[in-house]
Number of protein chains: 2
Amino acid sequence: MKRDSRLSATLHVLLHMADRGAPMTSEELAACLHTNPVVVRRTMAGLRRAGLVRSGKGHGGGWTLARALEAITLGDVHRALGEPALIALGHRSETPQCLVEQAVNAALGEAFAEAEALLAGRFDRVRLSDLAADFSRRFDERRRTHARHDHAL
Amino acid sequence: MKRDSRLSATLHVLLHMADRGAPMTSEELAACLHTNPVVVRRTMAGLRRAGLVRSGKGHGGGWTLARALEAITLGDVHRALGEPALIALGHRSETPQCLVEQAVNAALGEAFAEAEALLAGRFDRVRLSDLAADFSRRFDERRRTHARHDHAL
DNA sequence: GTTTCATGTAACTTATACTGTTACTTGATC
DNA sequence: GATCAAGTAACAGTATAAGTTACATGAAAC
C-alpha cells in the first residue's frame, strides 16, 4: 500500500508557520516539503474550511494559524484533511451474503475498529503545542551537540 | 487510500477449504470470491511457500490446508501474504534533516507503531478455528430464522 | 488604475499498488 | 496421449496520492 503522507506534511508546515509568526506563502511552505505550491494550497484548503488557518491574497499574503498551537489537536488536522482512512486493510465486500465472509468481516472489522479507535483517540489527545515542545527540545539538543563540535575544532 | 483486501479474501477461502475437506480448485475458490482463478493462485502462492496450504496439479488437484484450523492464526496468514502495511498513513521522509519534521515523525511514528502492534498482536491471538466457530454460530442462527419463516408460510 | 503578488481552482500527468485478464508452460491423473 | 489444474509471465484496468501547468480572483504597492 502506498501510504498517505498528508497528515505528516500538514503538521510539518503548521509548525513552521507557528515558528515564523508572520504569514508564509505556499511557495515557502512548499520549499519546506520539497514539493509544489499547488499541492500545499490543495492540502491547506481543508484546514481553511475547518477554521484552523487563514489565507490572504496579494502582497504580504500567505498562510497564518487561526488558533493557538494549544488549541489544535492532531485529530483536528486529520478531520480537516477529510478524515482519510487510518487502516490499510479492508473487506472484500461490505455486505456479503456468504456467512463465511460475514464471519471474516466480523473478526477483522472488530480488530480494525479497535486499532482505528486507538489511533483516533491518540490523535485527539496530542496538541500541536506538544509537537512544538518536542521540536524545541531537539533544537536545544542540537545546539549542545554543535557547541561541543565547535570546541573540538 | 484504496484498501488491501487480500487478508480478507484469503481467510474467506481458507475457511471454505476447511469446510469442504477435499481439494478445491482455484476456479472454485475464485467463484467464492467473485474473482479470477489467477488472482487466487497468485495470492495463495505465499501461503504455499509458508507451508500453510498445499497445492496439487492434474485431476483431483487443487488446494488443501496443510495444518489444522487451530494451528493457523490470522498473523500467520498476514505474514504469508508478505506482511503488507497495516497503517494507511506514513511519513513524508523517513530520514528528515529538518528538526520540525523529525518531531512530527517521532510523534506520528509512535502512534502508528502502537496501533500496528495492537493489530498485529490481535492477529497472532486469533485462530482460523475461532472464525470457523463464529461461522457455525451464524449458520445455526440462520437455520433457526429460516425455520420460523417456514412455519409462517 | 495598473502592476505585482499570492491564493483558488480546474485539468492534466505521473507514480504506485491492488486487481483483473490472457496466454502459455509444467506436471499429474485418467 | 488427452485432460485437468497449478504456475507464471505479461499486460490492462482502477483508484488515489502527488506533481504540474494554466488561468482566474482578489489584495496590496506603486
Side-chain angles (χ1 to χ4, degrees), chain A residues 1-10 12-13 17 20 22-49 53-64 66 78 81-93, chain B residues 1-10 12-13 17 20 22-49 52-66 78 81-93:
Chain A
M1 293 298 294
K2 200 175 50 171
R3 282 161 148 154
D4 182 348
S5 66
R6 279 176 295 180
L7 180 59
S8 168
T10 305
H12 186 177
V13 299
M17 284 163 57
R20 174 75 67 93
M24 289 185 75
T25 67
S26 302
E27 192 126 15
E28 290 171 314
L29 296 176
C32 295
L33 297 175
H34 306 102
T35 183
N36 194 293
V38 178
V39 174
V40 173
R41 291 190 198 112
R42 189 159 53 202
T43 308
M44 298 289 284
L47 278 77
R48 179 169 33 77
R49 278 192 293 271
V53 300
R54 275 189 280 267
S55 60
K57 294 181 172 181
H59 284 89
W63 299 88
T64 47
H78 179 243
L81 290 172
E83 212 157 359
L86 301 175
I87 304 297
L89 307 186
H91 301 319
R92 245 195 107 69
S93 161
Chain B
M1 293 295 291
K2 199 175 55 168
R3 282 160 148 159
D4 183 346
S5 66
R6 280 176 296 179
L7 180 60
S8 168
T10 305
H12 186 178
V13 300
M17 285 163 57
R20 174 74 69 92
M24 288 185 75
T25 66
S26 301
E27 192 126 15
E28 290 172 315
L29 296 176
C32 294
L33 298 174
H34 305 105
T35 183
N36 194 293
V38 178
V39 174
V40 173
R41 293 192 195 109
R42 187 160 53 203
T43 309
M44 296 290 282
L47 278 77
R48 181 170 33 76
R49 278 192 291 271
L52 301 182
V53 299
R54 276 190 279 267
S55 61
K57 292 182 172 180
H59 283 88
W63 300 89
T64 47
L65 289 172
H78 179 244
L81 289 172
E83 214 156 357
L86 300 175
I87 304 297
L89 307 185
H91 302 320
R92 241 193 112 68
S93 160

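Lettering follows sequence order; numbering is per chain, from 1. When reading the values below, keep in mind they use all heavy atoms of this one structure, side chains included, and skip hydrogens, waters and symmetry mates.
Atom CG of A:Leu81 and atom P of D:dA18 are 10 Å apart (whole Å). Atom pair A:Glu28:CD and C:dC5:P shows a separation of 14 Å (rounding to whole Å applied). One atom, CG of B:Leu89, and another, C1' of D:dT16, lie 14 Å apart when rounded to the nearest Å. Rounded to an integer number of Å, the gap from A:Arg48 CZ to D:dG26 P is 13 Å. Between A:His34 atom NE2 and D:dA17 atom C1' the separation is 19 Å, expressed in whole Å. Atom P of nucleotide D:dA5 and atom CG of B:Leu29 are separated by 12 Å, given to the nearest angstrom. Across the protein-nucleic acid pair, A:Met24 atom CE and C:dA6 atom P stand 12 Å apart, rounded to whole Å. Atom pair A:Asn36:CG and C:dA11:P shows a separation of 18 Å (rounding to whole Å applied).
Within a 6.0 Å sphere centred on CD of B:Glu83, heavy atoms belonging to other residues, nucleotides or ligands number more than 12.
Not one N or O on the side chain of B:Ser5 forms a donor-acceptor pair closer than 3.5 Å with the backbone of B:Ser8.
Taking every heavy atom of both residues into account, A:His12 and A:Leu33 meet most closely at ND1-CD2, 3.4 Å. Nearest heavy-atom pair across A:Ala30 and A:Pro37 is CB-N, 3.5 Å. When all heavy atoms are compared, the tightest approach of A:Met17 to A:Leu29 is CG-CD2, 4.0 Å. Contact between B:Gly61 and B:Pro23 at its shortest, heavy atoms only, is O-CB, 3.7 Å.
Residue-to-nucleotide proximity on DNA chain C shows that, of A:Arg92 and B:Gly58, the 5′-proximal contact is made by A:Arg92. Comparing B:Leu33 and B:Arg41 against DNA chain C, the residue whose closest nucleotide sits nearer the 5' end is B:Leu33. When each of A:Asp4 and A:Gly60 is assigned the nucleotide of DNA chain D bearing its nearest heavy atom, the one mapping closer to the 5' terminus is A:Asp4.
Using a 4.0 Å heavy-atom distance criterion, A:Arg54 is classed as making no nucleic acid contact.
Which of D:dG7, C:dG8, D:dT20 sits closest to the side chain of A:Ser55 comes down to C:dG8. Checking D:dA6, C:dT7, C:dA15 against every side-chain atom of B:Ser26, the shortest atom distance belongs to D:dA6. Listed nucleotides C:dT21, C:dC18, D:dT3 differ in distance to B:His59; the shortest reach to its side chain belongs to D:dT3. The A:Arg6 side chain lies nearest to D:dA18 when the options are D:dT20, D:dA18, C:dT21.
One N or O donor and one acceptor, one from the side chain of A:Lys57 and one from the base of D:dT25, sit under 3.5 Å apart. Side-chain atoms of B:Arg42 and base atoms of C:dG20 include a donor and an acceptor less than 3.5 Å apart.
Contact annotation: A:Thr25 side-chain N/O to C:dA6 OP1/OP2 distance is not under 4.0 Å. Taking only side-chain nitrogens and oxygens, A:Ser5 comes nearer than 4.0 Å to OP1 or OP2 of D:dA18. One finds no side-chain N or O of A:Arg3 lying less than 4.0 angstrom from the OP1 or OP2 phosphate oxygen of D:dT16.
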